Amino acid sequence: VKYTDEVSKARALSEIGRDMYEIEQRIQAFLRSVDEKKKFKDEIDGDYNSAQSKHSSMHALQRQIQELEEKRKRLSEQKKEKENRLQHASVFETSSIRFDIYRLESDIGETIRDIQRKQDEIRKMN
């Protein structure tokens with residue numbers, strides 16, 4: 001009688017061992033699947049953050065271009081005012097006004113180059 005009890009216990013322990021091994025395998029497979037999903041999510045989050053950052057940079061550049069365009073317009077208006085003054089200026093004022101016009105033209109050229117640089121940066125992002 002004792003012998004069959006020992007054999008029954010041994011069989012029961014063996015079955016429990018197999019069941020535990022199978023459960024452990026399932027847990028490991030589940031954890032691997034969770035890791036894969038987390039890596040995939042991290043990749044998507046990274047792509048999203050990168051896109052978000054690119055969008056923010058492009059928006060900032062577009063805002064800077066708009067500000068530069070407004071600056072160019074103001075400088076052009078100032079240049080026109082100086083050119084109008086030049087027509088009615090005395091001999092003594094002419095050289096000073098011409099110098100102001102030259103400086104404004106230089107500032108306008110630099111502003112246009114800044115705008116082109118910003119537009120180039122945007123094109124490189126796309």
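This one's a predicted model, so the numbers in the text were calculated from it and none came from an experiment.
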Run the salt-bridge test on [X] and [Y] with the 4.0 Å N-O cut-off and return the result as yes or no.
X    : Y    : result
E110 : R113 : yes
K79  : E83  : yes
K38  : D35  : no

Would you tell me whether Q28 and E24 have side-chain atoms, one donor and one acceptor, within less than 3.5 Å of each other?
yes
[atom1]-[atom2] distance between [X] and [Y], expressed to the nearest 0.5 angstrom:
X    : Y    : atom1 : atom2 : result
S56  : N49  : OG    : CG    : 10.5 Å
H59  : Q62  : NE2   : CD    : 7.5 Å
E67  : D114 : CD    : CG    : 12.0 Å
E81  : E77  : CD    : CD    : 7.0 Å
K39  : D42  : NZ    : CG    : 10.0 Å
R103 : K82  : CZ    : NZ    : 7.0 Å

So among R123, R117, K118, which one has a side chain to side chain donor-acceptor pair (under 3.5 Å) with D120?
R123
Just by modelled atom types, is the [Y] backbone N or O under 3.5 Å from a matching donor or acceptor in the [X] side chain?
X   : Y   : value
S96 : F92 : no
E93 : S90 : yes
S50 : G46 : no
S33 : A29 : no
S8  : T4  : yes

Looking at residues at least two apart in the chain, or sitting in another chain, which of them share a side-chain hydrogen bond (donor to acceptor under 3.5 Å, both in side chains) with R11?
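R11 satisfies side-chain hydrogen bond (donor to acceptor under 3.5 Å, both in side chains) with no other residue.
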Treat each ILVMFWY residue as a node, draw an edge where side-chain heavy atoms are under 4.5 Å apart, and state whether [X] and [Y] are in one component.
X    : Y   : value
L104 : I97 : no
I23  : F30 : yes
I115 : L61 : yes
I112 : L75 : yes
M58  : I65 : yes

Taking salt bridge (charged side-chain N to carboxylate O under 4.0 Å, His left out) as the definition, give me every residue that meets it alongside E22, ordered by chain and number, with sequence neighbours left out.
R26
Just say parallel, tilted or perpendicular for the rings of Y102 and F99, cut-offs at 30° and 60°.
tilted
Indicate the atoms forming the closest heavy-atom contact of T94 with A89, along with that distance.
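T94 and A89 have their closest heavy atoms at N-CB, 4.4 Å.
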Quick check: closest heavy atoms across S57 and M125, and the distance to 0.1 Å?
CB-CE, 3.3 Å
Sole candidate of R74, E69, E70 that passes side-chain contact (heavy atoms from CB on, under 4.5 Å) when paired with R72:
E69
